[in-house]
K.L.:
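If you scroll down you'll find the structure; I have some questions about it.
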Amino acid sequence: MPRRTEIAKLLSEKPIGTEVKVMGWVRSFRARRFLILNDGSCFQNLQVIVDFERFDEALLRKIQFHACVAVQGQLVESQGKDQEVELLAENIELLGACPADEYPLQPKRMTMEFLREHAHFRMRTLTLNAVFRMRHGLAYAIHKYFHDNGFYYLHTPIITANDAEGAGEMFHVTTLDLACVPKTEDGQVDWKQDFFERPTNLTVSGQLEAEIGALALGKVYTFGPTFRAENSNTTRHLAEFWMIEPEMAFYDIHDNQDLAEDFVKYLISFALKHYPDELTFLDQRLRNEEQHLPKDKRRPMGLIEMLEFVLAHDFVRITYTEAIERLRRSKPFKKGRFQFEPQWGADLQAEHERYLVEKEFKKPVIVRDYPQQIKAFYMRQNDDDQTVAAMDVLFPYIGEVIGGSQREERHERLQQRIQAMGIPEKELWWYLELRRFGGCPHSGFGLGFERMVQFITGMGNIRDVIPFPRTPGNAEF
RNA sequence: GCCUCCAUAGCUCAGUUGGUUAGAGCGGCGGACUGUUAAUCCGUAGGUCCCAGGUUCGAGUCCUGGUGGGGGCGCCA
């Protein structure tokens with residue numbers, strides 16, 4: 001009895017004439033003769049030829065959609081045209097039945113909304129299968145890119161007492177009994193009795209801690225879960241998402257932009273090179289989806305074509321001030337099509353970003369030097385005293401994929417900003433000390449992992465590129 | 001948080017100005033078929049029309065409230 005072989009190995013090595021054993025889930029069983037198996041080792045399936053007269057009728061009946069079977073037999077050259085090799089079944093064993101009259105999934109098109117309600121089965125579908133293989137590949141590519149470029153992977157804390165980052169609403173972390181919260185004499189919550197003896201939260205960013213790393217190791221990056229308790233209901237937001245945050249000593253805002261562009265392009269080229277089967281499928285899927293849309297709502301390019309296009313062109317780099325000028329000269333503004341007026345001092349709205357990326361330049365755009373009043377306290381003030389060295393990388397369809405900045409390394413300036421913005425200075429004592437003791441110019445950015453996966457897979461909703469999405473009111477799986 | 005749309009068979013949907021017994025395709029189940037690739041063909045079962053209330057002679061259809069979900073905006077990554 002041969003040992004089990006993974007389908008990926010059979011399809012790449014094609015040991016024709018040998019006796020093999022595979023295990024996998026049934027994708028389809030046509031004419032009681034053609035059994036299509038997938039074992040997750042690759043996106044491709046293996047076709048098994050079943051001579052039904054040689055097998056027990058009761059067994060054949062149980063070979064249903066997504067049932068799990070083990071098949072032993074000889075690998076031969078295929079007579080059909082869509083595969084090179086196939087397996088002639090000599091022995092079939094049912095590992096796990098999947099009664100079709102009760103199983104919610106069906107071998108047909110299902111909506112993403114329906115699949116989300118069956119999240120424990122959904123990655124068995126072709127689309128989610130392709131997405132999560134890609135997600136893995138990109139996670140690997142991220143580590144590889146940074147490792148190959150001399151970065152160190154820094155693990156920043158998930159539980160933090162830092163309340164000053166200002167990146168968003170936070171989830172509280174406590175072991176206190178919520179039904180009976182201990183109070184101090186003046187009626188406040190007595191945090192001294194909590195686990196950490198102070199209020200703590202789930203992190204909204206590892207950036208401030210990454211800066212500690214950068215000022216010792218030179219180039220570091222974080223890659224971990226991040227939490228935002230915002231009541232955001234969009235196709236681009238999650239309450240729990242994964243963020244990549246490189247932080248580099250001696251990098252200014254231009255070095256930062258160079259890195260961001262090179263990094264993102266590396267991820268795209270990695271996907272194109274290593275996941276052609278998945279991308280071809282996702283490309284076709286997107287075409288099929290868009291057939292239901294009116295022509296003007298469809299994407300101008302297919303998925304793969306768009307990825308190649310992004311790789312082939314330099315990202316546009318403009319200042320915020322220039323972006324506002326261009327927006328005010330634009331057709332949609334003159335025709336009153338914008339809901340919000342582009343105005344110096346106000347943040348760019350989603351409609352403005354979309355116009356710049358999809359209409360004006362038709363490629364990714366990096367906007368830098370934003371007004372300081374709309375950006376975070378730690379961003380470095382420019383010499384004009386009005387703007388800060390912030391940058392956002394804007395992509396078609398998903399908008400802001402990266403936000404970053406050169407950090408304010410001058411102690412007095414940073415302290416002034418913290419005071420001006422009313423942030424409790426006491427909590428940031430260690431952050432300020434980084435500027436007093438051996439500080440240096442440094443920069444970094446945050447990339448939303450799921451948004452990148454969304455862009456590369458063409459998925460419209462961010463909930464379909466993370467296995468177990470956390471959104472307001474939803475934590476079932 | 002704001003705005004908006006949707007909820008009919010297991011799934012995707014149709015259902016006319018309110019009218020009698022609620023439909024299709026796919027899937028399921030039963031059968032035929034030994035080279036299929038979304039197989040095909042024949043047959044068959046399957047419904048609390050999301051929930052509660054209201055208008056009406058009569059509600060899947062209209063109104064109010066609720067629940068669940070989608071999309072847009074804001075916040076951001």
Side-chain angles (χ1 to χ4, degrees), chain A residues 27-36 44-45 47-55 61 64-65 76 78-83 86 88 98-118 125-126 165-169 204-207 225-245 260 264 284 288 292 297 338-340 346-354 374-376 392-395 398-404 445-455 460-464 466 471-474 476:
Chain A
R27 281 276 165 79
S28 78
F29 188 31
R30 283 187 291 272
R32 295 204 304 162
R33 180 162 177 79
F34 304 100
L35 170 56
I36 311 302
Q44 305 295 329
N45 305 316
Q47 173 159 285
V48 176
I49 307 301
V50 179
D51 187 352
F52 62 72
E53 286 179 344
R54 296 182 49 202
F55 292 91
R61 275 172 195 281
Q64 292 173 300
F65 183 59
V76 298
S78 177
Q79 295 176 35
K81 58 181 188 298
D82 287 359
Q83 58 280 317
E86 60 194 18
L88 298 180
C98 189
D101 53 339
E102 292 174 68
Y103 185 55
L105 301 200
Q106 298 174 11
K108 57 172 287 190
R109 180 185 173 273
M110 291 167 285
T111 60
M112 288 298 135
E113 294 79 34
F114 172 74
L115 290 172
R116 264 172 236 150
E117 291 172 13
H118 302 275
T125 64
L126 283 168
E165 285 142 2
E169 294 295 311
V204 293
S205 162
Q207 178 202 315
T226 312
F227 308 86
R228 305 267 167 99
E230 307 280 337
N231 190 9
S232 291
N233 295 287
T234 79
T235 55
R236 308 178 301 281
H237 289 86
L238 290 164
E240 177 180 306
F241 64 101
W242 285 62
M243 188 153 62
I244 300 103
E245 294 179 288
V264 162
Q284 191 56 51
N288 295 342
H292 306 289
K297 293 253 172 97
F338 285 141
Q339 197 191 331
F340 298 90
D347 213 345
L348 296 179
Q349 302 294 313
E351 59 180 352
H352 303 149
E353 297 180 349
R354 252 200 320 272
I374 58 172
K375 288 292 179 183
D392 284 355
V393 181
L394 311 177
F395 264 36
I398 52 171
E400 185 181 338
V401 71
I402 283 177
F445 61 81
L447 174 126
F449 183 51
E450 282 77 14
R451 287 189 184 172
M452 200 63 214
V453 179
Q454 246 189 305
F455 181 73
N461 193 314
I462 200 165
R463 290 162 220 187
D464 302 322
I466 186 167
T471 52
N474 194 335
E476 176 72 21

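Chain letters run A, B, ... following the sequence lines, proteins first and then strands; every chain starts at 1.
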K.L.:
Is the side chain of A:E230 donor-acceptor paired with the backbone N or O of A:E169 at a distance under 3.5 Å, no angle test?
P.N.:
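Confirmed, A:E230 side chain pairs with A:E169 backbone.
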
K.L.:
For A:R32 and A:V50, run side-chain contact (heavy atoms from CB on, under 4.5 Å): C-alpha distance rounded to whole Å, both residues' side-chain angles, the deciding distance at 0.1 Å, then the answer.
P.N.:
CA-CA 7 Å; A:R32 295 204 304 162; A:V50 179; over 6 Å; no

K.L.:
Under 4.0 angstrom, heavy atoms only, what part of the nucleic acid is A:E102 near: base, sugar-phosphate, or nothing?
P.N.:
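No contact at all - A:E102 keeps every heavy atom at 4.0 Å or more from the nucleic acid.
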
K.L.:
Sticking with atom C1', work out how far B:rU8 lies from B:rG60, rounded to a whole angstrom.
P.N.:
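Here B:rU8 and B:rG60 have their C1' atoms 7 Å from each other.
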
K.L.:
Regarding A:T234, tell me which of base, sugar-phosphate or nothing describes its non-hydrogen contacts under 4.0 Å with the strands shown.
P.N.:
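The answer is base, as A:T234 lies within the cut-off (heavy atoms under 4.0 Å) of a base atom.
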
K.L.:
Using a distance-only criterion (donor-acceptor N/O pair, under 3.5 Å, no hydrogens), is the base of B:rC29 paired with the side chain of A:R61?
P.N.:
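Donor-acceptor pair under 3.5 Å: no.
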
K.L.:
With rounding to whole Å, what would you report as the distance between B:rG19 and B:rC5 at their P atoms?
P.N.:
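Roughly 23 Å separates the two P atoms.
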
K.L.:
So does A:V204 get a backbone contact from the side chain of A:R228, meaning a donor-acceptor N/O pair under 3.5 Å?
P.N.:
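Yes: the side chain of A:R228 pairs with the backbone of A:V204.
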
K.L.:
Keeping the roles fixed (side chain from A:E86, backbone from A:V76), state whether a donor-acceptor pair exists under 3.5 Å.
P.N.:
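Judged by distance alone, no pair lies under 3.5 Å.
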
K.L.:
Does A:E113 get its side chain close enough to the base of B:rG69, under 3.5 Å, for a donor-acceptor pair?
P.N.:
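For A:E113, whose side chain was compared with the base of B:rG69, there is no donor-acceptor pair (under 3.5 Å).
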
K.L.:
Using the P atom in both, what is the distance from B:rC50 to B:rC11, to the nearest Å?
P.N.:
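Result for the P pair: 13 Å, nearest Å.
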
K.L.:
Give the rounded distance in Å between these two atoms: CZ of A:F34 and P of B:rA39.
P.N.:
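After rounding, the gap between these two atoms is 12 Å.
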
K.L.:
Using only modelled atom types and a 3.5 angstrom limit, is any donor from either the side chain of A:Q106 or the base of B:rG10 paired with an acceptor on the other?
P.N.:
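Answer is yes: a donor-acceptor pair is held.
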
K.L.:
When the P atoms of B:rA45 and B:rG23 are compared, how many Å lie between them, rounded to an integer?
P.N.:
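Going atom to atom, P in each nucleotide, I get 13 Å.
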
K.L.:
Is A:Q47 touching bases, backbone alone, or none of the nucleic acid, heavy atoms closer than 4.0 Å?
P.N.:
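Base, at least one base atom sits under 4.0 Å.
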
K.L.:
Both A:H118 and A:L238 contact RNA chain B. Which one's nearest nucleotide lies toward the 5' end?
P.N.:
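Counting from the 5' end, the first nearest nucleotide belongs to A:H118.
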
K.L.:
Which part of the nucleic acid, if any, lies within reach of A:G446 when heavy atoms closer than 4.0 Å are counted: base, sugar-phosphate only, or nothing?
P.N.:
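Counting heavy atoms under 4.0 Å across all strands, the contact made by A:G446 is with sugar-phosphate only.
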
K.L.:
For B:rU12 versus B:rG18, give the span between their C1' atoms, rounded off to a whole number of Å.
P.N.:
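Going atom to atom, C1' in each nucleotide, I get 27 Å.
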
K.L.:
Answer with yes or no whether A:S232 presents, from its side chain, a donor or acceptor under 3.5 Å of a partner atom in the base of B:rC76.
P.N.:
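There is none.
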
K.L.:
Give a yes or no on whether a donor-acceptor pair under 3.5 Å exists between the nucleobase atoms of B:rA77, that is its base, and the side chain of A:R236.
P.N.:
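Check fails, no donor-acceptor contact within cut-off.
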
K.L.:
Is the gap between the ring centers of A:F340 and A:H352 under 6.0 Å?
P.N.:
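That pair fails the under 6.0 Å test.
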
K.L.:
With a 4.0 Å cut-off on heavy atoms, is A:I402 in touch with a base, just the backbone sugar-phosphate, or nothing at all?
P.N.:
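A:I402: backbone/sugar contact only, no base atoms under 4.0 Å.
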
K.L.:
Assess whether one donor atom and one acceptor atom, taken from the side chain of A:Q79 and the base of B:rU36, lie less than 3.5 Å apart.
P.N.:
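Answer no: no donor N or O sits under 3.5 Å from an acceptor.
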
K.L.:
Look at A:R33 and B:rU34 and indicate whether a side-chain polar atom (N or O) is within less than 4.0 Å of OP1 or OP2.
P.N.:
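Answer is no, no contact under 4.0 Å.
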
K.L.:
Between A:N461 and A:L348, which is nearer to the 5' end of RNA chain B once each is assigned its nearest nucleotide?
P.N.:
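The answer here is A:N461.
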
K.L.:
Could you tell me whether the phosphate oxygens of B:rG71, OP1 or OP2, come under 4.0 Å of any side-chain nitrogen or oxygen in A:T235?
P.N.:
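Answer is no, no contact under 4.0 Å.
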
K.L.:
Please state whether the base of B:rG72 and the side chain of A:Q339 form at least one donor-acceptor pair under 3.5 Å?
P.N.:
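Flag unset: no donor-acceptor pair detected.
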
K.L.:
Within the pair A:Q349 and B:rG74, is there a side-chain N or O less than 4.0 Å away from OP1 or OP2?
P.N.:
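True: A:Q349 side-chain N/O within range (under 4.0 Å) of B:rG74 OP1/OP2.
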
K.L.:
Rounding to the closest angstrom, what is the interatomic distance between B:rG25 and B:rU61 at atom C1'?
P.N.:
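B:rG25 and B:rU61 have their C1' atoms separated by 23 Å.
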
K.L.:
Sticking with atom P, work out how far B:rG10 lies from B:rU48, rounded to a whole angstrom.
P.N.:
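Comparing P positions in B:rG10 and B:rU48 gives a spacing of 7 Å.
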
K.L.:
Does A:R463 place a side-chain N or O at less than 4.0 Å from the phosphate oxygens OP1/OP2 of B:rG70?
P.N.:
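For B:rG70, OP1/OP2 do have a side-chain N/O of A:R463 under 4.0 Å.
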
K.L.:
Just to be sure I understand the rule, does A:F241 reach a base, reach only the sugar-phosphate, or reach nothing, if contact means heavy atoms closer than 4.0 Å?
P.N.:
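The answer is base, as A:F241 lies within the cut-off (heavy atoms under 4.0 Å) of a base atom.
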
K.L.:
Using the P atom in both, what is the distance from B:rA7 to B:rC49, to the nearest Å?
P.N.:
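These two P atoms come out 15 Å apart once rounded.
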
K.L.:
Remember a base hit wins even if backbone is also touched, and classify A:N231 as base, sugar-phosphate or nothing at under 4.0 Å, heavy atoms.
P.N.:
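Base, at least one base atom sits under 4.0 Å.
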
